[in-house]
Amino acid sequence: MQRYFTYIITFLSIGLLSSCEDVNLGNLFYTSCDVEARFEGSMDYNAAHGALSQLVPEEYSFVVCSDLHIDQEENPYITQFLQPSLHKDAHFILYNGDLFQGQETEAKIASDLLHAQGILPSYYAAGNHDLYFGWDIYNRYFGSSTYAISINTPSASDLILVLESGSATLGSKQLAWLKEQLSQERGKYRYCFVVTHTNFSHLHATNGTYMPDEQQLLFRLFADHHVTAVFSGHAHVQNETTYVGVPYYTTASLKNGAYGQMTVTPKLCTWDFKQL
């Protein structure tokens, strides 16, 4: 009986900490609350700070990691990961959500670590833990949670779309933005990568994944627009699968020393799971 009440309190706490109005307990983090406001805040941030782009060599690589869960205790894996010598062959890092445990003191610690001198150019996506105490904390330390990055080589350009799925839904406005990016911008680029925290595989759905109708819509949308690969985290379990011809890579937790790396050449993209 005590365990039963513990579960109920946990579910209610998740709802309160996410400022939720509509929580589906069968899908732990699904909620429609605040996602539209977060998207609008991201668009305001993007307009104020300008479009993102980066120059890279003809052949380049980037690192993807998620679920750092930085708190007030030092983590040896994260310390090791942030050593510049570890990523000599990489050109930038994508941090795919759950950067910190939610409180502002932890956001400050995470920001100081991830923005330190010597770190590769870095881009961030928001996860559910990052939003527990309000999107404004994440926004203050890590900026927008929905944006596009143009990666420019000497002969081609690639597109990275960063999506915010901290509530296990994109919401209507972010979904409309995604459709616009894919229909109007995708054709200008060679490769297209999508980065978003919530995982797509139901093999590891115990900690929340997209509702089936939204998930199926995204599978078809990514396939129709020839997305090169989709990166997620959240499950803390490594997974690689393919839906409608598009590869989906879920990285395990960086807190436990796991991450991934994509190597991009004019004719091939190669993915590797890595462990510290």
Side-chain angles (χ1 to χ4, degrees), residues 14-15 17-24 27-53 66 94-99 102 123-150 159-189 192-200 208-227 230-234 246 248:
I14 289 168
L17 292 176
S18 301
S19 302
C20 297
E21 300 169 0
D22 177 21
V23 178
N24 181 334
N27 186 4
L28 196 54
F29 295 113
Y30 174 74
T31 171
S32 61
C33 63
D34 291 337
V35 64
E36 310 296 355
R38 295 198 299 266
F39 172 77
E40 291 177 352
S42 287
M43 294 300 102
D44 290 342
Y45 185 96
N46 297 345
H49 291 82
L52 293 174
S53 64
S66 65
L94 298 170
Y95 290 96
N96 196 3
D98 283 2
L99 311 179
Y123 305 95
Y124 307 94
N128 51 290
H129 278 262
D130 303 316
L131 305 175
Y132 276 173
F133 292 90
W135 182 80
D136 60 315
I137 296 176
Y138 176 89
N139 176 243
R140 191 154 57 247
Y141 289 94
F142 294 99
S144 175
S145 56
T146 303
Y147 54 94
I149 315 165
S150 179
L159 178 65
I160 297 176
L161 297 175
V162 178
L163 305 176
E164 195 264 276
S165 57
S167 298
T169 180
L170 299 186
S172 60
K173 293 180 179 180
Q174 186 175 204
L175 180 59
W177 178 87
L178 172 62
K179 290 179 177 179
E180 181 180 12
Q181 290 292 313
L182 291 174
S183 63
Q184 298 185 16
E185 300 298 323
R186 169 66 183 100
K188 303 174 184 178
Y189 295 90
C192 176
F193 304 101
V194 172
V195 183
T196 190
H197 179 68
T198 299
N199 58 292
F200 288 82
T209 186
Y210 296 91
M211 294 298 282
D213 54 348
E214 183 171 3
Q215 187 180 60
Q216 293 301 316
L217 185 155
L218 292 173
F219 286 157
R220 177 51 59 188
L221 188 64
F222 295 151
D224 288 346
H225 293 281
H226 308 288
V227 167
V230 178
F231 305 105
S232 63
H234 187 52
V246 177
Y248 289 72

Would you indicate whether the side-chain heavy atoms of S42 and W135 approach each other to under 4.5 Å? yes
Please report the interatomic distance CZ(R38) to OG(S167), rounded to the nearest 0.5 Å. 3.5 Å
Answer yes or no: is there a side-chain heavy-atom contact under 4.5 Å between F39 and E164? no
Pairwise distance CG(L159) to OG(S150) - rounded to 0.5 angstrom: 7.0 Å
Side-chain heavy atoms of D130 within contact of H197, under 4.5 Å: no
Starting at CG of D224, measure out to CZ of R186 and round the result to the nearest 0.5 Å. 12.5 Å
Expected output: side-chain N96 to main-chain F231 donor-acceptor under 3.5 Å: yes
Minimum heavy-atom distance between S66 and G233, given as atom pair plus value: OG-CA, 3.4 Å
For F219 together with Y248, are the ring centres under 6.0 Å from each other? yes
Would you check if L170 and W177 make a side-chain contact, meaning some heavy-atom pair closer than 4.5 Å? no
Sequence neighbours excluded, the answer for side-chain contact (heavy atoms from CB on, under 4.5 Å) partners of A223 is R220, V244, V246
Do L218 and L175 come within less than 4.5 Å of each other through their side chains, counting heavy atoms only? yes
With sequence neighbours excluded, what pairs up with S172 under the side-chain contact (heavy atoms from CB on, under 4.5 Å) test? E36
Does the N46 side chain pair with the main chain of T146, one donor and one acceptor, at a distance under 3.5 Å? yes
If I take atom CD from residue E185 and atom CD from residue Q181, how far apart are they, to the nearest 0.5 angstrom? 5.5 Å
Would you say H234 and S165 make side-chain contact, with heavy atoms under 4.5 Å? no
Taking side chain as C-beta onward, heavy atoms only, is C192 less than 4.5 Å from L182? yes
With a 4.5 Å cut-off on side-chain heavy atoms, are L163 and Q174 touching? yes
